[in-house]
Asks: 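Right, I'll just put the structure down here and ask away after.
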Number of protein chains: 2
Amino acid sequence: MNIASVERDCGLPKDTLRVWERRYGFPNPLRDKQDERLYPADQVATLRLLRRLVIAGHRPGKVVGLPDDQLKKLLEKVGGPDDQPTAHEAKQVLELLRAHDAVGLRNHLNAMVLRAGLGAFASVTGPRLVEAIGLAWSRGGLEIHQEHFFTEQFTTVLRSAINASQGSGFPRARPRVLFGTFPQEPHALGLMMAEAMFTLQGCLGVSLGVQTPIPEIAAAARAHKADILALSFSAIIPAAQASAGLAELRGLVPGTTEIWAGGACSGLRPKPGVHVLRELASIGPAIEAWRARATLTDGSDGPSPGKTDQFASTNQGEQS
Amino acid sequence: MNIASVERDCGLPKDTLRVWERRYGFPNPLRDKQDERLYPADQVATLRLLRRLVIAGHRPGKVVGLPDDQLKKLLEKVGGPDDQPTAHEAKQVLELLRAHDAVGLRNHLNAMVLRAGLGAFASVTGPRLVEAIGLAWSRGGLEIHQEHFFTEQFTTVLRSAINASQGSGFPRARPRVLFGTFPQEPHALGLMMAEAMFTLQGCLGVSLGVQTPIPEIAAAARAHKADILALSFSAIIPAAQASAGLAELRGLVPGTTEIWAGGACSGLRPKPGVHVLRELASIGPAIEAWRARATLTDGSDGPSPGKTDQFASTNQGEQS
DNA sequence: ATGGCGTATTTGTCCAGGACAAAATGGAGA
DNA sequence: TCTCCATTTTGTCCTGGACAAATACGCCAT
């Protein structure tokens, strides 16, 4: 396996792979006749363990080079003790995942949506479930393909629930909302849960999907005459990048378009012209507030700017 | 904009950006105080044009360094003259896209599915539409965000059609099908259209989504006891990589699991243990053939291997 | 003990410029 | 017109050095 394949499969950049080898002596790939690195399968597997540990907060210098069994022992400890209520809710999902029961998983997720209602599912149950699955993965209790499989089923269930709720209710023309993520952000579930929350308020949202270049997001916002630009940030986005990207975006879209940012990214801070919604449940009230502002200013061009800080709730429940 | 951002936004690897600069004198980025490249926005825009031209078959040595207006002139010529029937079908969709009409686009796509029926849509109309949109993009007639937007709407419509058809019809337990793409392949539409074709035959398919590492695909196939592993390849996958990946995968899954590969990738060739389906419409007959083989061998462990070449149709209509 | 702050270490990303194989091109001969 | 071989083009990989941002550590004051 060459260095480009390892980069794709493990998510570790080429430069990082080379510098780990230089500094820590691991990985220790073979070389082909042109002196290019050839990574054996077992080292690639170890690199995947290492990536999980690094994401979980371990420092490369402390863990790179350790034998596999020690790495696995460390992995079991990440994330602290099991969160009881979450564990209970997620337990059955994990069991279905481990049993590879596609039909059962789909039915179970559908039942969860029906029981909780779409609003509670998208703002509370769903995020909690996604977090639990991510935690299980980082502990090594799930294979990558099981996480892919979960994502796919979750997407299907939530998407059809959104579609179903779109026709009903009280559809309103405004605010017009555009959804998207930055190019660094491949995580689609947080975005979709946000979309659900907006849909429940009668907004007909339009999604660009994940990983759209910032100038393109801005161009789309202008083209759609969006009232609100909703961006989702998972924990993997470095705080500085999120901040810089939001500033760039703020400069590219008209002042009448509000920017709402949410997600588990720790570096998300409210700034002039950028609202931060710490949890998905606050989307509903925020839309109501927007509409109140809109009618106040005659509703033709959206609300006037200002009153930013009412969005900066202190709660920090949500995750991507 | 630093080199990593440009890599993400333009899809050109860092090494390529540096070597173009060295060889052709373009791009010609500024430098910050640590002597690192800073790309101005206009050069990034030109790089996007260049990427389109290179994908369309132009050689970097001939086009890198040319002024923007010449590049745009070249872009208008790529893809040959308009394909008349396709152009007619896609015209309204393009108009809706250019008008940023979310509701209209959704309704139009839904109407297309209803008019053609899911089978014809997923195997003929849909691929043709996707190809026309891709062509329009490579000619510069569409912004990136418009293509994202189209993908999102297309996904939503097709996904709900698949869901709706899943309950009805004559669900059969076999064959069990697993869908996925290689890590290099981010294109989800081809995969989903294939999923639709399988679903119409009563298969309850399970999707891993895009970009799953090959060992993980194999692990999932074993875990789900898949009868068929369906892989989608778009034109961006180099022939050699597709071939090598399929060989690797073939060695990792049991002989009772068939591998079916399809898509616009030119390098896709049938080989021992790997079936190539050149067009989506051939999926239906192929499943019937599988079932005939399955009952022949008592249907408990799937059909015996062999009779590979019946799948290697000569037609080449499909695209990813 | 606890919290704030300045210094030291760690870590990821970038650079230059060379090398080479795979792919594409072009020309010669059948 | 087609096939085959030499030549050019092109992308990706290499080494080893550099540096800033992030993180940990030691110190002092409360």
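We name chains A, B, ... by the order of the sequence lines, and we start the count at 1 in each one.
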Asks: Per the side chain to side chain donor-acceptor pair (under 3.5 Å) rule, what does the pair list look like for residues 35-44 of chain B, sequence neighbours excluded?
Replies: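 Every pair satisfying side chain to side chain donor-acceptor pair (under 3.5 Å) with a residue in residues 35-44 of chain B: B:E21-B:R37.
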Asks: Taking heavy atoms of chain B and a 4.0 Å limit, find me the 5'-most and 3'-most nucleotide of DNA chain D within that range.
Replies: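 So the outermost contacting nucleotides come out as D:dT9 to D:dA20.
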Asks: Do any side-chain atoms of residues 211-220 of chain A form donor-acceptor pairs under 3.5 angstrom with protein atoms, and if so which ones, sequence neighbours left out?
Replies:
from, atom 1, to, atom 2, distance (Å)
A:Q211, NE2, A:P183, O, 3.1
A:T212, OG1, B:H148, ND1, 2.9
A:E216, OE1, B:I144, N, 3.3
A:E216, OE1, B:H145, N, 3.0

Asks: Would you tabulate the side-chain donor-acceptor contacts of residues 52-70 of chain A under 3.5 Å, counting partners in other chains and residues two or more places apart, or write 'none'?
Replies:
from, atom 1, to, atom 2, distance (Å)
A:D68, OD1, A:T46, OG1, 2.9
A:D68, OD2, A:T46, OG1, 3.4

Asks: Could you pull out the closest heavy-atom pair between B:P13 and B:G11, with the gap in Å?
Replies: CD-O, 3.8 Å
Asks: For B:K33 and for A:N2, find the nucleotide of DNA chain D with the closest heavy atom, then tell me which residue's nucleotide is more 5'.
Replies: A:N2
Asks: Counting distance only, does the side-chain N/O of A:E258 pair as donor-acceptor with the main-chain N or O of A:V274 below 3.5 Å?
Replies: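 It does not hold such a pair.
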Asks: Taking atom types as modelled and ignoring hydrogens, do the side chains of B:S232 and B:E185 form a donor-acceptor contact shorter than 3.5 angstrom?
Replies: no
Asks: Output a table of nitrogen or oxygen pairs between the protein and nucleotides 15-19 of chain C separated by less than 3.5 Å.
Replies:
from, atom 1, to, atom 2, distance (Å)
C:dC15, OP1, B:R37, N, 2.6
C:dC15, OP1, B:R37, NH1, 3.1
C:dC15, OP2, B:R18, NH1, 2.5
C:dC15, OP2, B:R37, NH1, 3.2
C:dC15, O5', B:R37, NH1, 3.1
C:dA16, OP1, B:R31, NH1, 3.2
C:dA16, OP1, B:R31, NH2, 3.0
C:dA16, OP2, B:R37, NH1, 3.1
C:dA16, OP2, B:R37, NH2, 2.5
C:dG17, N7, B:R22, NH2, 3.1
C:dG18, N7, B:R22, NH1, 3.1

Asks: Hey, does the side chain of B:S5 reach the backbone of B:M1 with a donor-acceptor pair shorter than 3.5 angstrom?
Replies: no
Asks: So, taking the atom named CG in B:L191 and the one named OG1 in B:T181, what distance separates them when rounded to the nearest 0.5 Å?
Replies: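 Taking CG in B:L191 and OG1 in B:T181, the distance rounds to 6.5 Å.
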Asks: For the pair made of CZ in B:R59 and C1' in C:dG26, what is the distance, rounded to whole Å?
Replies: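 These atoms are roughly 11 Å apart.
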Asks: Taking atom C1' of C:dT13 as reference, at what distance in whole Å does atom CG of B:L17 sit?
Replies: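 After rounding, the reported distance stands at 15 Å.
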Asks: Mapping B:K62 and A:W20 onto DNA chain C by nearest heavy atom, which one lands closer to the 5' end?
Replies: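 Taking each residue's closest nucleotide, the earlier one in sequence belongs to A:W20.
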Asks: To the nearest 10°, let me know how far the axis at one end of the helix from C:dA1-D:dT30 to C:dA30-D:dT1 is tilted from the axis at the other, five pairs an end.
Replies: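 That helix gives 30° between its end axes.
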Asks: Would a distance-only check, ignoring hydrogens and angles, find a side-chain to backbone donor-acceptor pair under 3.5 Å from A:T16 to A:L12?
Replies: no
Asks: So, B:R250 side chain and B:G273 main chain: donor-acceptor pair closer than 3.5 Å or not?
Replies: yes
